Amino acid sequence: MEILAQPGSPFMQSNFTMGVATSSFQIEGDADNREPSIWDTFCNTPGKIADGSHGLVACDHVNRLEEDLGIIDSLNVDAYRFSISWPRIIKKDGSVNQQGLDFYLALLAKLKQNNIKPYVTLYHWDLPQYLEDEGGWLNRKTAYAFAEYVDVVSKAFGDKVFSYATLNEPFCSAYLGYEVGIHAPGKVGKEFGKKAIHHLLLAHGLGMRVLRENVPNIESGVVLNFTPFYPNSNDEKDIRATKLAHDHHNDWYIKPLMHGCYPALIDDIPAAHRPDILDGDMDIISEKIDYLGVNYYTRAKVTDDGSEDPCQLPAPEGSETTAMGWEVYPQGLTDLLLQLHNDYPLPPLIITENGLASDDTLTKDGAVNDEQRIRYLTTHLQAVADAMEAGVNITGYFVWSLLDNFEWALGYEKRFGIIYVDYDTQKRTLKASAIKLQLLLEERRKALNAA
């Protein structure tokens, strides 16, 4: 990550934000003091979580808030991106859980004390189970319940927040949760996925309107995950399949936000699979945003194998892969950022998640030598710098993740953190990547203060 310290590096600009990120269900624990979420139910369903675990304790972050915020402060980052647990704020009877609000207010106060900018995500997949019982994201009313929740949070937090994101990765909520069923709530059916995403995007637009009303001077936007797709050959069939994959998995999520419409392929989808769009919906969904969060991990190569859906191939033989089996391909991040820049009239971009899972282990002397993560972050930071050099307006970069944590359907099997967590003792250990980042950001801070 020497790129951070190089003279002329875009990351040396005082207005470029360097941060770390987490999400509520993955780290908080303290399940007794919130309502159950769809992920609690999913964890309790046999066979859904790879290691049979759950998020009831996770990283016990609620009870270790001071320690974890001290670690964040020690890393010399500009910002901390975290999500609010909807089930911790709104009770089943509709009343507000003041204890939940107080937890986040204490978090915000400590960040202010440490001069760290809070980036707040309002929804990172942990829908209250009581709303799923009424249909969840297949029920249009959930979008309006989200707006009411945003109203409560934004009024309570006021100007204590530097930046809001309405949703994190609605693709995962809709497609993984309601179409292929590998995430909560585990529904399976093509008739569900695009209906769910429409209501999620509607929730985003309604939430943006609430934020504009309650905190008009606070930067607000949304976070999408993207996969750049590449044809496996120059065959026309592979090229068409690649375009179809891009339309389904990328453009379906950003085009409504930027252009107020879904991709043209909506006309080719069976009527029963299409979203239920009411008059005025697309105007709400395309409410102006101040920034777009971009999450990137890997690319995909696509071939037409004769099936109905484009076939995404595994990582090419001989390529470097992460513990997830994902190809390490930093050029994909540059390509993605340039494609978005060329296709849409974008607001400023923030890389809101970037990182990898590696098979990290503690050595006998208590160190975690995650050299692959250091290489990954270094090359991907260079990929961001290359996109900026080519004219893409990028204002921040967040490492995913601060802590090893509950990795959704994979339980605790995969470690994405720059901080190693021993789940038996909850002891935190800075990995080599965290120490590297810490030292480089200290150099950066000194250079900026001297400028």
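What you are looking at is a predicted structure, and each value in this text was computed from that prediction instead of being measured.
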Is it true that Arg34 and Asp40 have a side-chain N and a carboxylate O under 4.0 angstrom from each other?
-> yes
Test item: side-chain donor near acceptor, Arg209 and Asn214, under 3.5 Å | no
Check: Ser83/His124 side-chain N/O donor and acceptor closer than 3.5 Å = no
Does the side chain of Asp133 come under 3.5 Å of the side chain of Gln129 through a donor N or O and an acceptor N or O?
-> yes
Tell me, do Ile182 and Lys48 make a side-chain contact under 4.5 Å, heavy atoms counted?
-> no
So, Phe171 versus His249, ring centres under 6.0 angstrom or not?
-> yes
Donor-acceptor side-chain pairing of Asn63 and Asp30 below 3.5 angstrom | no
Checking side-chain hydrogen bond (donor to acceptor under 3.5 Å, both in side chains) for the pair Asn295/Thr352: CA distance, chi angles, key distance, verdict?
-> CA-CA 6 Å; Asn295 292 355; Thr352 34; 2.6 Å; yes
Checking Ile289, Ile254, Leu337 against Leu346 for side-chain contact (heavy atoms from CB on, under 4.5 Å), the one that qualifies is Ile254
Nearest heavy-atom pair of Asp360 and Tyr420: which atoms, and what distance?
-> O-CE1, 3.7 Å
With Arg299 as the cation and Phe229 as the aromatic partner, state whether NZ or CZ is under 6.0 Å from the six-membered ring centre and within 45° of the axis.
-> no
Evaluate the ring planes of Phe416 and Tyr297, with Trp represented by its six-membered ring, and classify them as parallel (under 30°), tilted (30 to 60°) or perpendicular (over 60°).
-> perpendicular
Could you tell me whether Lys141 and Glu148 make a salt bridge, using a distance below 4.0 angstrom between a side-chain N and a carboxylate O?
-> no
Answer yes or no: is there a donor N or O on one side and an acceptor on the other, between the side chain of Gln438 and the main chain of Ser74, under 3.5 Å?
-> yes
Where do Glu28 and Arg88 land on the salt bridge (charged side-chain N to carboxylate O under 4.0 Å, His left out) test, with the steps shown first?
-> CA-CA 10 Å; Glu28 283 184 356; Arg88 198 176 293 285; 2.9 Å; yes
Heavy-atom pair with the smallest gap, counting every atom of Leu108 and Phe157 = CD1-CG, 3.7 Å
With respect to Tyr397, which candidate in Thr17, Ile351, Val294 satisfies the side-chain contact (heavy atoms from CB on, under 4.5 Å) definition?
-> Ile351
Could you give all pairs that pass the ring-ring contact (aromatic ring centres under 6.0 Å, His included) test and reach residues 258-290, with sequence neighbours left out?
-> His198-Tyr262, Trp252-Tyr262, His259-Tyr344
Does Glu66 come within less than 4.0 Å of Lys110, counting only side-chain N to carboxylate O?
-> yes
Which class fits the ring pair Trp39 and Trp408: parallel under 30°, tilted 30 to 60°, perpendicular over 60°?
-> tilted
Begin with the C-alpha distance, continue with both residues' side-chain angles, and end with the deciding distance and a verdict on salt bridge (charged side-chain N to carboxylate O under 4.0 Å, His left out) for Arg140 and Asp281.
-> CA-CA 11 Å; Arg140 184 181 175 89; Asp281 280 5; 2.8 Å; yes
Between Arg444 and Asp78, is the closest basic N to carboxylate O distance under 4.0 Å?
-> yes
Can you say whether the rings of Phe162 and Tyr119 are parallel (under 30°), tilted (30 to 60°) or perpendicular (over 60°)?
-> tilted
